[in-house]
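Below, read A as the first sequence line, B as the second, and so on, with proteins coming before strands; counting in each chain starts at 1. Note: hydrogens, waters and symmetry copies are ignored here, and every other heavy atom, side chains too, is used.
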Amino acid sequence: MGYVAVKGGIDAILAAEELVKLGRLQCHSELLQIDQLIEQQRMAVDQVMSEAGLYDEKLAALALKQAEGDLMEAGFLLRAYKSTLERLGYSLPIDTSRMKVLRRISSAFKNIPGGQVLGRTRDYTQRLLDFNLIEEIRAPESAFQQPKATTDMPKFSRVSDLLRAEGLLTALAPSEQEPFDITRDTLKFPAPRSARLQTLARGETGAMVALGYSSLRGYGMVHPTISELRYGKVPVEFLHPLTGNPVTIGQLRVTEVEALNHDYSIVGRDKDGIAQQESTNNNEEKAEPLYELGYGLVYGQNERKAISMSILDRAMDIGGDAPSSDQEFVLYHIDSVESSGFVEHLKLPHYVTFQSSLDRSREETRLAYAAEARKK
Amino acid sequence: MLKDLITTEENYNYAFLDEGSKREIRRNLLKAVAIPGYQVPFGSRELPIGRGWGTGGLQITLSLIGQGDIVKVIDQGTDAGVNAANIRRLIERTAPDVTTTFQTTEATIIQTRHRIPEEKMQAGQLLVLQVPLPEPLRLVERSENATRRMHADKNYSRMWVALYEEIVKHGLLARAYSYPVMVNGRYVMAPSPIPRWDVEKLHNAEHLSLFGAGREKRLYAVPPRTAVIPLDFEDYPFTVEDFHGIRCQRCGAEHSFLDEITTEAGQKTYMCSDTAYCDERVAKKAAEREMQKEFAG
C-alpha cells in the first residue's frame, strides 16, 4: 500500500495546467485574436473590466481568452494583475456632464432637453436566433454608415437638474470628504457612501441584479423610475505632478444611471433647503412629495448592473430590514472574486477538520448510548 | 503594446505584491503583534490564487520573505497537497532567492492551512496561518458591526451562553475545530480551523503566530509566550481529539494527530496528518536499523 496522503500534488497540478492550455488549443477553428474579442465580444469585455475594477480593454480581452469565456475567472485574472501595480495617485473625479453620449434615455420624461438618444441597444429587438450568423460573410464597407463627426456632439444637461430647479430634488453639494478607498481600507459599518458605491461599481452583475430585483419584487422599498441612463465616453484627468494642471490621460466608456425614488419620509425643507424628516419636523403643514436619487456608475456598457447599482445605493441609504437595504449583507456578498473563491475552496481537502468533527460526533453518539444504557 | 504585457515571472514584482502594499501589511502586522488576538483590518489585495484558498496567509508570507528565508507550506498537514504545492510554487516563482523545505525545524517561515506542525516550533520561527473565518463571534452574531463592539466591550457573554447550550443540547463541548480561545486575557480569538489537538501549541509558544484572513480583510497575531486559553467550564473541560489506543500505521507514532484512512479492502487504518513529522520518524528508524546492522556486522 502506498502512502495515501496525496503525494505528487505538484505533478497533478502541472498536468492539470497542461490540460487547460491544450484544451483551448485543440480546436479546428482559427484561434481567437484579442482584437476579435474587443470588437465582437464587447459586452463580455466590459463586464470583466467592470467586475475587476480595472479599465483596460486589451487585458480584459486577454483574460477572457485565457479563461475560455468564463467571466468570473477573467475578472479574477485581471483583479490579481491589478495587485502588482503601484498606486500612482488618484485622478480628478470624472465629470459625466462632459460625456460624449452614445446612448441616453429617460423613463421619467417623454421630452428631455437634448432629446432621447436610443443608440446601440438590444432593448427592442425580438430575441430570435439569427441563423444567418452561423456562416456569416463580412459585409462590404459600403454597407456601413459613416459615423457622425463627434465634434458637433451636443452637450446634454442632466434630467435631474430640471427636478432640482423645481425644488423636487435635494441640491448637490460637493463633498469635501476624501473618498474611502475600498482597495486600501477595510469596510466598517455603517460604510460611507463612497465605499458603498465603489463596492457596488465592481460588484458581480448577476448578484447585483438578483438583489436589485428582490427590492422591486417587494423585499424592500425601492422601486425607482429612471431619471436618466447614459452610456458614453468620458475623459479622465490627472493633475500633472510638476505643473499642477489637469491633464487628460485617456477616456473611459461608462454607463451612468440616476434613478428617482419618491421619498415618503421627507415632509419638507427648512430655510436652507435641507430635507426635513417626519420625526424632526413639527410643522403640521406637509410639503409636496420629494424625490431622492439612487446612483449607478459602471465601466463599459452594462445597463442592468448600473440600474441594479442605483437601486441598491438607494436601498442601503434608507436602511431597514430588507436584504437589499442591509449594508453588510449586500456589500459582503456581491464581490465575484470573494464569493467564487470561497465557494470553490470547498474543493480543497478538509481531512483535518472533518476528522475533528467525526471525533465529536462519535463522542456524542457514545454519550447518547451510555445515557440510554443507564435508563435501562 | 500587448506583446509588452506578455509576462513571464521575471516581469512580476519580487514576491508578487508591489513594495507599497507589502509595507502596509507589515505595519498592520506590527499592530497585530502589539495587541494580541485583536483583529486588525487591512487593505487585502487580490492574489493569483482564489480568495478563500489562503490569500490572507500568502499576503503575510509575501510581505515578509526575503533573501535567506526558508519557507515551508502545509495544507491539512502535508507539504505535498495540491494547495500547498501551488502556494509554494507561487512563492518560488516570484521570490527566486527564497528556498523552500518540507522540514519543520529548518524553516524560517511556515505557512499553514488547518494544522500546526507536530514538532515544537522554536523562537525566531514564524508560523503563518491561513484563516477563512476570523470572527469567533460570527456563530452567535452575524453583524460585523455588532461583533466589533462586543470585542471592544470585552462582552463575550453570548459566546459563553452558546458553549453552555452545546452542553445542554449535546452533552459535551461540541465545537470540533477552530475552538474559541482567550488570548492574553483580553480578546476571544478564532485560532483558524486547526483541530483542538493543535490549540495547546499556541499557548506560551516560543514562536510568533501570524493569522491572515484575505477575503475577510483581517490580520491578527499571537506573540511568543502569550497565554492562549480555550473557553471551557470547570466541570466540562476542553479536551482534544481522542486517538487513544491507536497509532500511525506507518511510523508508529502514538502522540500525533491522525488521518483516518480506509483501505481498498475496507479496513480502517491511521496515519500521521503531519507527513513531514511522519517521514522524519520513518527516516530515523531506518537509520537506527542501519546502525544496528553495522554493530551486528
Side-chain angles (χ1 to χ4, degrees), chain A residues 1 3-10 12-13 16 34 58-59 62 76-77 79-87 181-190 327-328 332 335 337-345 348-364 367-368 371, chain B residues 1-2 5 12-13 16-18 20-21 24 41-48 50-53 55 75-78 80-86 89 114-115 132 143-145 170-172 174-178 193-197 215 217-218 241-242 250 257-261 263 271 273 275:
Chain A
M1 199 182 96
Y3 190 25
V4 194
V6 217
K7 287 269 183 185
I10 195 74
I13 290 174
I34 297 297
K58 281 190 172 156
L59 289 183
L62 169 65
F76 177 13
L77 284 166
R79 196 79 87 73
Y81 178 72
K82 198 170 97 163
S83 293
T84 70
L85 305 174
E86 202 82 44
R87 170 72 47 100
D181 185 344
I182 58 161
T183 66
R184 292 298 180 264
D185 294 307
T186 315
L187 284 181
K188 287 190 192 103
F189 295 97
Q327 288 191 18
E328 287 200 30
Y332 274 154
D335 190 272
V337 174
E338 274 152 29
S339 60
S340 67
F342 206 47
V343 167
E344 296 198 46
H345 109 286
L348 289 178
H350 286 82
Y351 315 133
V352 167
T353 45
F354 192 68
Q355 188 71 59
S356 287
S357 91
L358 269 182
D359 171 82
R360 291 285 81 177
S361 304
R362 283 170 180 159
E363 179 67 5
E364 196 182 333
L367 288 171
Chain B
M1 182 216 156
L2 193 63
L5 292 168
Y12 273 96
N13 303 317
F16 190 77
L17 294 168
D18 66 275
S21 295
E24 182 197 316
F42 82 113
S44 179
R45 309 296 196 266
E46 279 86 6
L47 293 180
R51 274 246 156 137
W53 294 55
T55 55
D75 190 291
Q76 301 277 318
T78 172
V82 280
N83 198 41
N86 195 32
R89 186 166 63 133
H114 291 204
R115 279 307 314 276
S143 162
E144 179 68 30
N145 207 23
H170 306 282
L172 75 170
R175 261 155 232 241
Y177 48 86
S178 197
I194 54 172
R196 306 194 300 289
W197 185 268
R215 195 176 39 82
K217 307 172 184 70
R218 296 283 187 274
E241 287 82 355
D242 181 16
R250 184 163 171 266
F257 189 89
L258 298 172
D259 277 336
E260 196 169 307
I261 289 151
T263 62
M271 280 197 236
S273 151
T275 55

A:Glu86, part contacting chain B, at a heavy-atom distance under 4.5 Å: both
Derivation and outcome, side-chain contact (heavy atoms from CB on, under 4.5 Å), residues B:Arg196 and B:Arg175: CA-CA 9 Å; B:Arg196 306 194 300 289; B:Arg175 261 155 232 241; 5.9 Å; no
Contact leader toward chain A among B:Pro48, B:Ser21, B:Gly20, where contacts are heavy-atom pairs under 4.5 Å: B:Pro48
Residue, of A:His345, A:Arg87, A:Lys188, A:Glu338, that accumulates the most heavy atom pairs under 4.5 Å with chain B: A:Glu338
Residue part contacting chain A, namely of B:Leu47, when any heavy atom lies under 4.5 Å: backbone
Best-contacting candidate, B:Gln76, B:Arg45, B:Lys217, against chain A by heavy atom pairs under 4.5 angstrom: B:Gln76
A:Leu59 side chain near A:Leu77 side chain, heavy-atom distance below 4.5 Å: no
Distance in Å, A:Arg360 CZ paired with B:Tyr177 OH, rounded so as to fall on 0.5 Å steps: 13.0 Å
Which residues share a ring pair (Phe, Tyr, Trp, His ring centres under 6.0 Å) with B:Phe16, sequence neighbours left out: B:Tyr12
Choice from A:Val337, A:Thr186, A:Leu85 maximising heavy atom contacts with chain B below 4.5 Å: A:Thr186
Atom pair CG (B:Asp75) and CH2 (B:Trp53), whose distance is rounded to the nearest 0.5 Å: 10.0 Å
Nearest-0.5 Å distance, CG of residue A:Asp335 to CD of residue B:Glu46: 6.5 Å
Heavy-atom pairs under 4.5 Å with chain B, option from A:Leu348, A:Asp185, A:Val343 with the top count: A:Leu348
Which portion of B:Arg115 sits near chain A, non-hydrogen atoms under 4.5 angstrom: side chain
Contact origin within A:Thr183 toward chain B - heavy atom pairs under 4.5 Å: backbone
Which portion of A:Leu358 sits near chain B, non-hydrogen atoms under 4.5 angstrom: side chain
Largest heavy-atom contact set with chain B, pairs under 4.5 Å, which of A:Gly341, A:Ser356, A:Ser339, A:Ala80: A:Ser356
Heavy-atom pair count under 4.5 Å with chain A, highest-scoring of B:Ala174, B:Ser178, B:Ser44: B:Ala174
Point-to-point distance, once rounded to the nearest 0.5 Å, from CG of B:Asp259 to OG1 of B:Thr78: 9.0 Å
A:Phe354: ring pair (Phe, Tyr, Trp, His ring centres under 6.0 Å) partners, not counting sequence neighbours: none
Contact origin within B:Leu258 toward chain A - heavy atom pairs under 4.5 Å: backbone
Note: B:Arg218-B:Glu144 ion pair, threshold 4.0 Å (strictly below): yes
